[in-house]
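All values below were derived from every heavy atom in this structure, side-chain atoms included, with hydrogens, water molecules and symmetry-related copies excluded.
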Amino acid sequence: MKSEKRIRKITQDFAKRMDVKELPISLEKLEEIATKNNWKILSFKSKLGEKIIKTLNLEIYTKTTKGFAYVSDDYKIIFFKDDLEYLEKISVICHEMGHFVLRHINTNICCKNKHISKRIRIKQEIEADIFALELQAPTYLMKSMYLDTAKKLYDEG
């Protein structure tokens, strides 16, 4: 497993490249990041989301997860559950972006590959969680705003 410090560094470098300058990160910014990387973000029940999920026989994931990432030779897609609250939606999308950036998958469903050991799948989920937390409030940005806790972020906002 990549160390937490290393994952935070990867995330901060990614956030800087993606020009993340405001806290907390917004859904609009995540959509901009996805577009820059040629990724799609779709809800389970969006017209295109439903079509792709049905075509690829991914319905089971819509019943068992809040979101998942899918990779093929042609595209990378982040799917998320429609009824998530705003902040939870952001968290899920950041988590799935982490799988892409940390190169956890080459094809198919992220972390669902039965050819990968359970131990590795769990490590990848933890790494994606660390990525998601850091992307939502990058340390370099928190420091530049003299914020050292999430409470201060919300108190200031």
Side-chain angles (χ1 to χ4, degrees), residues 1-44 49 58 61 64-73 75-157:
M1 181 167 109
K2 296 176 178 108
S3 72
E4 182 175 337
K5 185 176 180 181
R6 179 75 180 126
I7 293 168
R8 289 187 186 285
K9 169 88 169 88
I10 290 167
T11 310
Q12 287 183 46
D13 291 346
F14 177 76
K16 287 176 184 176
R17 282 194 318 274
M18 295 299 113
D19 202 31
V20 175
K21 293 181 181 176
E22 294 181 6
L23 293 176
I25 197 164
S26 67
L27 187 55
E28 292 77 19
K29 185 63 179 179
L30 292 176
E31 290 168 346
E32 179 186 315
I33 289 170
T35 300
K36 281 182 183 179
N37 287 282
N38 202 29
W39 305 335
K40 296 275 186 228
I41 299 174
L42 300 171
S43 73
F44 292 168
L58 303 174
Y61 301 108
T64 59
T65 64
K66 293 178 183 178
F68 63 94
Y70 182 85
V71 177
S72 75
D73 292 336
Y75 45 80
K76 292 183 178 181
I77 305 172
I78 294 169
F79 293 99
F80 65 90
K81 191 174 181 179
D82 294 79
D83 61 357
L84 297 177
E85 292 183 20
Y86 185 78
L87 292 177
E88 191 172 23
K89 189 181 299 182
I90 287 173
S91 180
V92 167
I93 292 168
C94 288
H95 174 96
E96 299 306 332
M97 284 183 173
H99 288 305
F100 292 159
V101 174
L102 298 170
R103 298 185 176 141
H104 288 163
I105 48 175
N106 296 321
T107 57
N108 216 326
I109 304 295
C110 183
C111 296
K112 307 295 187 218
N113 188 336
K114 298 199 188 304
H115 301 291
I116 297 174
S117 75
K118 183 177 180 178
R119 183 178 61 79
I120 291 173
R121 287 193 308 264
I122 290 169
K123 285 181 180 181
Q124 289 180 343
E125 288 301 321
I126 292 168
E127 289 174 355
D129 285 344
I130 294 167
F131 180 96
L133 288 171
E134 185 66 29
L135 185 59
Q136 289 174 77
T139 302
Y140 72 87
L141 199 48
M142 295 279 287
K143 286 181 179 179
S144 75
M145 300 170 86
Y146 303 101
L147 301 169
D148 57 3
T149 67
K151 183 178 181 337
K152 284 186 181 177
L153 172 62
Y154 288 105
D155 288 348
E156 297 289 323

Check Phe131 against Ile7 and note the closest heavy-atom contact, atom names and distance.
-> N-CG2, 3.9 Å

Heavy atoms only: give me the nearest Leu27-Ile93 pair and the separation to one decimal.
-> CD1-CD1, 3.5 Å

Taking atom CD of Glu28 as the centre, report whether more than 12 heavy atoms of other residues, nucleotides or ligands fall under 6.0 Å from it.
-> yes

Verdict with supporting geometry, Leu42 and Ile77, side chain to side chain contact (heavy atoms under 4.5 Å, CB included) | CA-CA 7 Å; Leu42 300 171; Ile77 305 172; 3.9 Å; yes

Closest non-hydrogen contact found for Ile25 with Cys94 is CG2-SG, 4.4 Å

In Å, rounded to the nearest 0.5 Å, how long is the span from CG of Leu135 to CD1 of Ile10?
-> 13.0 Å

Take Leu141 and Gln12 through the side chain to side chain contact (heavy atoms under 4.5 Å, CB included) test and state the conclusion after the steps.
-> CA-CA 9 Å; Leu141 199 48; Gln12 287 183 46; over 6 Å; no

With the threshold set at 4.0 Å, does a side-chain nitrogen-carboxylate oxygen contact exist between Arg17 and Asp13?
-> no

State the CD-CG distance between Gln136 and Leu30, to the nearest 0.5 angstrom.
-> 8.0 Å

Indicate whether any N or O donor in one side chain lies under 3.5 Å from an N or O acceptor in the other, for His95 and Glu125.
-> yes

Enter the distance from Lys89:NZ to Leu87:CG here, rounded to the nearest 0.5 Å.
-> 10.5 Å

Provide the closest heavy-atom pair for Met18 versus Lys36 in the form atom of the first, atom of the second, distance.
-> O-NZ, 3.5 Å

Which of Tyr61, Phe68, Tyr70 passes ring pair (Phe, Tyr, Trp, His ring centres under 6.0 Å) with Phe44? Answer is Phe68

Heavy-atom closest contact (Leu102 atom, Glu127 atom, distance) = CD1-O, 3.7 Å

May I ask you to check whether over 12 heavy atoms, not counting those of Lys66, lie within 6.0 Å of atom NZ?
-> no

How far does CD of Glu96 sit from CZ of Phe80, to the nearest 0.5 angstrom?
-> 11.5 Å

To the nearest 0.5 Å, atom CZ of Arg8 lies from atom CG of Leu133 at 6.5 Å

For the atom pair CD1 (Ile33) and CZ (Phe100), what is the distance rounded to the nearest 0.5 Å?
-> 13.0 Å

Where is the tightest heavy-atom contact between Val20 and Pro138, given as atom of each residue plus distance?
-> CG1-CG, 4.1 Å

Check whether any side-chain heavy atom of Lys16 lies under 4.5 Å from a side-chain heavy atom of Tyr140, and answer yes or no.
-> yes

Main-chain N/O of Asp19 paired to Lys29 side chain as donor or acceptor, under 3.5 Å | yes

